[in-house]
Amino acid sequence: LGGAADTLREGLLAGNRRALARAVTLAESTHPEDRAEARDLLGALPEPEGTLRIGLTGAPGVGKSTFIEAFGLYLARLGQRLAVLAVDPSSSLSGGSILGDKTRMDKLARHPSAFIRPSPSGGATGGVARRTREVIRLAEAAGHGTVLVETVGVGQSETLVAELTDIFVLLIGPGAGDELQGVKRGIMELADLVLVTKADGTLAQAAELTRAEYQGALRLMRPRPGDPDGFPRVMAVSALQDSGIPEVWLAIDALAAHRRATGALRARRGAQAVAAFRREAGHLLLEQFRADPASAARWQAAEADVQAGRLSPEDAAGRLMDRHD
Ligand SMILES: Nc1nc2c(ncn2[C@@H]2O[C@H](COP(=O)(O)OP(=O)(O)O)[C@@H](O)[C@H]2O)c(=O)[nH]1
Ligand SMILES: [Mg+2]
C-alpha cells in the first residue's frame with residue numbers, strides 16, 4: 001500500500017472513526033480510482049476473528065429500526081462495539097429510502113461504541129451486495145465485532161442479506177392469522193429467529209397468539225440439518241418497553257456459539273465468499289467482453305434481434321458465445 005493508504009489502514013485497525021467513515025466512502029464510491037483503493041485496502045485487512053453478523057428483515061413499519069436501536073443499546077451496555085448498516089436496494093430505483101427516517105437511530109448513533117451507516121442512495125442494485133459486504137469487513141476491521149444489517153422485507157433484499165450474515169432474524173407484527181399467509185415461505189425457511197414485535201399494551205395478547213402460531217408453523221416445516229435444539233425459535237419482544245431484549249441476545253449468542261463449534265459458521269462464510277467471487281468475476285468478465293468493440297457490436301446486434309423477436313434470448317446468447325450458428 002502507498003503512504004496515504006497505509007495511514008488509512010492503520011487508522012482503521014486502530015478503531016479510528018474518521019478512518020472508518022473515509023474507508024466506507026471509498027467502498028461506496030463508483031469512481032475507478034476509489035474502487036481500486038478500496039480493493040487494495042480490503043485486501044490488506046486481516047481475516048475477521050470472532051465477529052458476528054446478524055441480518056434483520058421485516059415489512060415496513062414492523063419495528064425493525066426501533067428494535068435495532070434498543071437491541072444495539074443493550075449490546076453496547078454489555079461492552080460490545082457494534083455497527084448498524086441498512087440495505088435498501090429500492091433506493092437505487094426510487095431515489096428515496098423506504099427504510100424510513102427511523103434509520104437514524106438517534107440515541108444509538110450518539111453512542112461511542114456504535115457505528116451507524118444508512119443505506120447510500122444511488123448506484124446499481126447489483127452493487128448493493130458488494131458494497132454491503134465491503135462495509136461489513138471495514139467495520140469489523142475497525143473493531144465493531146457485532147454487525148447488524150437491517151433490510152426491508154421486499155423483493156430480493158432478504159435473501160441478499162441472508163447471504164451476507166451469519167444469523168438471520170425475521171421480524172413480524174403482532175397481528176395474528178393474516179400475517180402468516182403474508183410471509184413468504186422462503187423467508188420463513190431462512191429465518192433462525194422470528195421476533196413478534198410490539199408485544200406491549202393492548203397488543204401484548206395478539207403478539208403472544210402470533211408467537212404461538214408461528215412456532216407451530218415452524219415445527220411443521222422440514223427440520224434444518226445443523227440447527228441446535230429449539231431453533232428456529234419464535235419470541236415476542238417490545239422495543240418500547242425494553243422487554244425480551246436480553247432473551248433475544250441469549251438466543252442469538254447460543255446459536256452463534258453452536259455454529260462456531262460445529263464449523264457451520266466458517267462454512268457459511270466460505271460459501272458466501274465463493275458466491276461473492278462468482279458475482280464479481282461474472283461482472284468483470286462481462287465488462288471485459290464488452291470492452292472489445294467487435295464484441296460490443298455483436299452484443300448490440302443480439303439485443304436488437306431479441307427485441308424484434310428474430311431470435312430467442314437463448315439462441316442469441318448462444319450465438320454471442322459462438323456455441324452454435
Ligand atoms: N407499541 C409499540 N410500537 C412500536 C414498537 N417498536 C416500534 N413501534 C412503532 O412502530 C412504528 C414503526 O417502527 P420502525 O422501527 O420505524 O419500523 P421499521 O419500518 O420496521 O423500521 C413506529 O411508529 C414505532 O414507534 C414497540 O415495541 N411497541
Ligand atoms: Mg426502519
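Read the numbers this way: they start at 1 and go in the same order the structure lists the ligands and their atoms. Remember, it's a predicted structure, so these values are computed and weren't measured experimentally.
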**OP:** Flag Ser65 as yes if one of its N/O/S atoms falls below 2.8 Å of the Mg ion (ligand 2), otherwise no.
**Re:** yes
**OP:** Examine the proximity of ligand 1 to Ser238 and report which part, side chain or backbone, both or neither, has a heavy atom under 4.0 Å away.
**Re:** both
**OP:** Output the list of atoms in ligand 1 that are nearer than 4.0 Å to some heavy atom of Glu150, sorted by atom number.
**Re:** 21 (O)
Subject >> Check: Gly63 N/O within less than 3.5 Å of ligand 1 N/O >> reply: yes
**OP:** Give the C-alpha distance, both sets of side-chain angles, the deciding distance and a yes or no for salt bridge (charged side-chain N to carboxylate O under 4.0 Å, His left out) between Lys107 and Glu69.
**Re:** CA-CA 7 Å; Lys107 248 191 249 165; Glu69 178 155 49; over 6 Å; no
Original post:
Based purely on interatomic distance, does Gly61 place a nitrogen or oxygen under 3.5 Å from a nitrogen or oxygen of ligand 1?
Top reply: yes
Original post:
Thr197: heavy atom below 4.0 Å from ligand 1, yes or no?
Top reply: no
Original post:
Is atom CD of Glu287 surrounded by more than 12 heavy atoms (other residues, nucleotides or ligands) closer than 6.0 Å?
Top reply: yes
Original post:
Any donor and acceptor pair, going by atom type alone, linking the side chain of Arg18 with main-chain N or O of Gly11 inside 3.5 Å?
Top reply: no
**OP:** Report, as yes or no, whether the 6.0 Å neighbourhood of atom CZ on Arg266 holds more than 12 heavy atoms from other residues, nucleotides or ligands.
**Re:** no
Original post:
At a 4.0 Å threshold, what atoms of ligand 1 neighbour a non-hydrogen atom of Ala239?
Top reply: 27 (O)
Subject >> Name of the Glu150 atom (N/O/S only) found closest to the Mg ion (ligand 2) >> reply: OE2
Original post:
Which of the atoms of ligand 1 are close to Ala59, meaning less than 4.0 Å from one of its heavy atoms?
Top reply: 20 (O)
Original post:
Does Gln241 CD have over 12 foreign heavy atoms under 6.0 Å away?
Top reply: yes
Subject >> Interfacing atoms of ligand 1 (cut-off 4.0 Å, heavy-atom, Pro60) >> reply: 19 (O)
Original post:
With the 4.5 Å side-chain cut-off for hydrophobic clustering, are Leu320 and Leu311 part of the same group?
Top reply: no
Subject >> Interfacing atoms of ligand 1 (cut-off 4.0 Å, heavy-atom, Leu240) >> reply: 1 (N), 2 (C), 3 (N), 26 (C), 27 (O), 28 (N)
Original post:
Under 4.5 Å between side-chain heavy atoms, hopping through other hydrophobics if needed: is there a path connecting Leu203 to Val62?
Top reply: no
Subject >> Distance in Å, Ile252 CD1 paired with Ile54 CD1, rounded so as to fall on 0.5 Å steps >> reply: 4.0 Å
Subject >> The one among Asp200, Ile68, Thr66 that brings a heavy atom closest to atom 15 (O) of ligand 1 >> reply: Thr66
Original post:
Is there a side-chain contact between Trp299 and Leu286 (heavy atoms, below 4.5 Å)?
Top reply: yes
Subject >> Under 4.0 Å to a heavy atom of Lys64 - the qualifying atoms of ligand 1, by number >> reply: 15 (O), 17 (O), 18 (P), 19 (O), 20 (O), 21 (O)
Original post:
Gly58: heavy atom below 4.0 Å from ligand 1, yes or no?
Top reply: no
